[in-house]
Amino acid sequence: MTLSLNWRKWLLYAGVAAVVAYCLAPFYWMLVSSLRRTSDIFENSPLPTHLSFENYLAVLDPSQAFTRALLNSIVVAGITTVLALILATFTAYAMARLEFRLKRLVLTLIIATSMFPVVSIVVPLLKMFVGFGWINTYQAMIVPSMSFTLPLAVWNLTAFFRQMPQELEQAAMVDGCTRGQAFRRIIIPLAAPGMFTTAIITFIAAWNEFLIALTMTNKPEMQTAPVAISKFSGASQFETPFGSQMAAGVLVTVPLVIMVLLFQRRIVAGLTAGAAK
Amino acid sequence: MTTVSFEKVTRRYPGNDRPAVDALHLDIADGEFLVLVGPSGCGKSTSLRMLAGLEDVDDGVIRIGDRDVTHLPPKDRDIAMVFQNYALYPHMSVGDNMGFALKVAGAPKDEIRRRVQEAAKILDLEPYLERKPKALSGGQRQRVAMGRAIVREPQVFLMDEPLSNLDAKLRTQTRTQIAALQRRLGTTTVYVTHDQVEAMTMGDRVAVLKDGLLQQCAAPRALYDEPANVFVAGFIGSPTMNLTEARIEGDGVRLGGTHLPLPRSVIAAVADEASGTVTVGFRPEALERVAPGEPGLGMSVTMVEELGSEAYAYGTLQGENATATGADVVARVNPRTPPAKGQQITLRIRPGGAYFFSARTGERLSVG
Amino acid sequence: MVKTHNPPGSAEGRHDDTAGRVYGVARGSARGSSAVPPASAARRRRKPRATAGSGRLAALLVSPTLLVLTIVVLYPTIVALKDSLFGTPGLNPKTGFVNETDPFVGAQNYTDIFGAAGERFWNAFWNTSFLTVTTVGMETVIGVAMALIMNRAFQGRALVRASILVPWAIPTAVTGLLWRWIFNSNGIANALIGQQVLWTTEGFHAKVAVIIADVWKTAPFIGLLVLAGLQVINKEVYEAAKIDGAGAVRQFWSITLPLVKPALMVAVLFRTLDALRMFDLPYILIGAQKESVETLSMLAQDQAANVRFGPAAAYAVILFLYVFLIALAFVRLLGANVVGDDDAAPKRRRRWLPVRRPAEVAA
């Protein structure tokens, strides 16, 4: 029995190592590539032979307006998240706690709307926003983003609220609170972790968004980070600045990765709350 | 002949200094219903799981029949197990649950169907064969778990506290059903429980465990009448035996305000014990009330429990002696004329109703 | 044997409901009803008085969300439908200028796909479907494998969990760029396989590049969702299976897979719908207007970028219908249970004959 046990253990370790390598290797490569000098960019060695930060300097150079793009991303993703969270909290509470006819239908509809192809929404909205003069504004990117962030937040928060025991509000109501007060004083504080997790997940989804930002903006100073990176130009027309792109990619990703590392337990719990019923 | 034997079987968990099961040595006869009983953490479930092959054995040998099964995987042991939480396959119907093992073994379809129908008939599960476990009540699920075991027609049945999740009334009903079923099928059965009532009513023999060590293994009556040590004496029987440590005075002990003479063998046995005390035990039903003036143990009643057919008086023993005053005591009293709360009564231990245990080792000291 | 008189589904039975799932108010209030899983709240006729007015409150809480979604999703979709009935403004023969308004062309945009212009459409349709099937298929297999590994591993759980989230956290655009770099003709991919494949040019290899990049990004996510499903499975069920004689493979097929199916179905459903709408990755990895990887989303966006709103809207509507039908198929036929109640699973055929015939009735 011991022989096969050891064999199994090593197989498991190998499996775990494979999973970790699978996930992190490309990211590692991005990091390494960003630290090479432009002249060494095609070196395929595991570590840069000459460590250089010139790519980062190039990216953060004012002429690239990259910092502006980062700012745009923060604003758009941030506002989208806040709005989605507010609306979703109320809706999720209703879904998880209240009884009303058509509840299941409404939830299905809400989740279904997140399945509409973004391109189907963006095309008509583009026409509409052109009419409003909203092209190259923040609202042109925030409003369509609600189409997928809001249902995501509702789904997440509903699963989360469902997990909280009913007895909490009931005890509060017996103690004299109205439903609204019970909600404010008892549920919200306790739901804070769940809301925080939903906020993170929503923020990442909004930050990730590409198509809407691409369509609604044509001025570089209004573009979000993902769009800006995709449009990086190099010194000459024929030279794609891979190093700078990798550096920009790292700059865009590292904050998210740090956030993920810090809150991984919460995020995993949030992502899987809906799935593991 | 399907006997089961544990030969000095030990299980140690890393990080614990005490073994979970310590050199368990037990021989179970063919067709016997053996109950493993004890408080939580005593090692009874671990022992059962070692027999099942779900736990590794660190030392010792386990045999089923003549086969050494110590390191065999569960599927090669020809055993069936009923889990405490039933462990039914949630996605399969009752019929599929019961037939799963046969399906894995590759039995032909009609054979599986026949055996499942048979077991379902015995357990009254025929109307539920299509249902999924979540559509069944607790008692029905328990029967499905039993059905899954009987269908296999194994050499040994293992049951891990199968009744603990049922309510009291259902428990008593099902208890007799399981015992009757086992008698009918004649399969060797090892049954784990923490409830001594179950142990006493169901087992041919009962093995009492504490902290991984076997305290005593005997027929229920023997456990009741001749407990091997203080633990067994206090564990078996409800309400529990009254046990007090009493100071030795000359040829007896001071107890409840009176002098209780000790048998000579007992005095000799504890002569060299430093404590100068001996633990005296007597069951509530071994006490009888005597008239107030007569010699006997004085008791101050604090509460009386009336159960209809019986009554028990709870209180404290009287007496000036330091170690024997204020000891809690329970006495069975006449249900027609129970004492009142706060009343002082006098009790006498029936002849032969007193047990003596070494205060140091806990072993019972034989009388005579 | 004495019959048990407890009706199935009674309160006592509900006590040891495995996995302790909380389905909200509906389940708890269905005590004492029949053994068939309790009906959803919508079927209860009478509302208790203490909670009267919760219908109004619910409407108040839910309507802002519904309002926003109607404006942001439903309205544009209807507009898209309308727009798809218009064509591109042509030359006005009288004035010699391009017409300002789009001419109404009816269903012409749709019928055009069966004509000359349709070739690009059908190419996009094929690309979309092919990429969806391959990526989702591979992601599912790899994701399930990851989940199984993570479920067993005790050491390094935190490290694995954090690693799993990294591909998910990286924006798709960055992923596209990263893999574009990896698949550069002088990049690491070619270095590792020792060939000089021009990954980002037109050809089947472009599809392969997109597939690899997409699978890399999302397999861990599926792994995560499946892991959650795995962790809910009662460990004792595996022990019972061991005793019943099932080996590791058998346990996987007969126990693990069926029990993980709900979580897996939801994960696969979401991933399939995402894959059908694929835009970011092929756009950045390979480029716009590239025949080998142009998806329906890319096609629609390209048309819109060229101010051909009519066809753009038509393609968008078709994509929407495609996604909708697939989602419907998943929910109805495969029983994907997104909303979280019991009624979704399709009925299985009966295998254990009911004992009704007189010959079989027990005495």
Side-chain angles (χ1 to χ4, degrees), chain A residues 12 15-16 19-20 23-24 26-27 29-30 42 44 87 90-91 94 96 98-101 103-104 106-108 111 113 115-117 119-121 123-127 143 146-147 150 162 204 207-208 210-211 226 229-230 242 245 249 252-253 256-257 260-261 264 267-268 271-272 275-277, chain C residues 22 24-25 40-42 54-55 58 61-62 64-65 68-69 72-73 76-77 79-80 146 149 152-153 156 161-163 165-167 169-174 177-178 181 186 188 191 220 225 228-229 232 263 266 273 277 279-280 284 297 300-301 304 312-313 316 319-320 323 327 338-340:
Chain A
L12 201 58
V16 170
V19 169
V20 173
C23 296
L24 296 182
F27 180 69
W29 188 245
M30 180 163 75
F42 288 110
N44 287 322
L87 289 174
F90 293 125
T91 308
L98 300 177
E99 287 306 314
F100 54 98
R101 297 203 333 254
K103 177 158 94 165
R104 195 171 152 216
V106 169
L107 191 59
T108 314
I111 295 177
T113 51
M115 299 180 187
F116 283 42
V119 79
S120 318
I121 301 170
V123 171
L125 282 180
L126 177 63
K127 269 186 82 180
V143 169
M146 299 296 286
S147 69
L150 189 49
R162 271 187 184 156
I204 293 185
W207 181 277
N208 207 344
F210 182 73
L211 178 53
I229 307 181
S230 69
F242 293 115
Q245 285 183 338
V252 167
T253 310
L256 296 178
V257 170
V260 158
L261 286 179
Q264 39 152 305
I267 295 178
V268 170
L271 284 175
T272 57
K277 296 191 176 78
Chain C
V22 175
V25 183
S40 66
S54 64
L61 293 177
V62 174
T65 301
V68 169
L69 288 179
V72 173
V73 178
T77 310
V79 170
M146 281 187 177
I149 293 176
R152 291 294 191 90
R161 189 170 39 219
S163 324
L165 289 177
V166 166
I170 299 183
T172 321
V174 175
L177 281 176
L178 170 59
W181 167 233
N186 295 319
I188 185 76
L225 292 183
V232 196
V266 172
L273 299 184
R277 302 177 281 170
F279 178 84
D280 306 12
I284 295 180
S297 281
Q301 190 266 355
L319 178 58
F320 164 63
V323 169
V338 185
V339 183

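Letters go in sequence order (proteins before strands), and every chain restarts at 1.
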Can you tell which part of [X] gets under 4.5 Å to a heavy atom of chain A, answering side chain, backbone, both or neither?
X	answer
C:I170	both
C:F279	side chain
C:V68	side chain
C:A80	both

Rounded to the nearest 0.5 Å, how far apart are [atom1] of [X] and [atom2] of [Y]?
X	Y	atom1	atom2	result
C:M146	A:C23	CE	SG	4.5 Å
C:I284	A:F210	CD1	CZ	3.5 Å
C:D280	A:L211	CG	CG	7.0 Å
C:L178	A:M30	CG	CE	5.5 Å
A:L87	C:L61	CG	CG	11.0 Å
A:N208	C:T172	CG	OG1	3.5 Å

*Who among A:A94, A:G249, A:S120 has the most heavy-atom pairs with chain C under 4.5 Å?*
A:S120
*Quick one: which of A:F116, A:W207, A:F90 has the most heavy-atom pairs under 4.5 Å with chain C, could you say?*
A:F116
*Any donor-acceptor N/O pair, C:R161 side chain to A:L261 backbone, under 3.5 Å*: no
*Of the listed residues (C:A173, C:P76, C:P64), which shares the most heavy-atom pairs with chain A below a 4.5 Å separation?*
C:P76
*Hey, which of C:V79, C:L177, C:L273 has the most heavy atom pairs under 4.5 Å with chain A?*
C:L177
_Under the side-chain hydrogen bond (donor to acceptor under 3.5 Å, both in side chains) test, residues paired with A:S147 that sit two or more places apart_ = none
*For A:I229, is it the side chain, the backbone, both or neither that has a heavy atom under 4.5 Å from a heavy atom of chain C?*
both
_Interchain contact, A:I121 with chain C, by part (heavy-atom threshold 4.5 Å)_ = both
Looking only at heavy atoms, what is the nearest atom pair of [X] and [Y], with distance?
X	Y	result
C:L69	A:T113	CD1-OG1, 3.6 Å
C:Q301	A:V119	N-CG2, 3.8 Å
C:V323	A:P117	CG2-CG, 4.1 Å
C:A162	A:V260	O-CG1, 4.4 Å

*asked:* I want to check something: taking the side chain as every heavy atom from C-beta on, are A:T253 and C:P171 in contact at a cut-off of under 4.5 Å?
replied: yes
*Do C:V174 and A:P226 come close enough that some side-chain heavy atom pair is under 4.5 Å?*
no
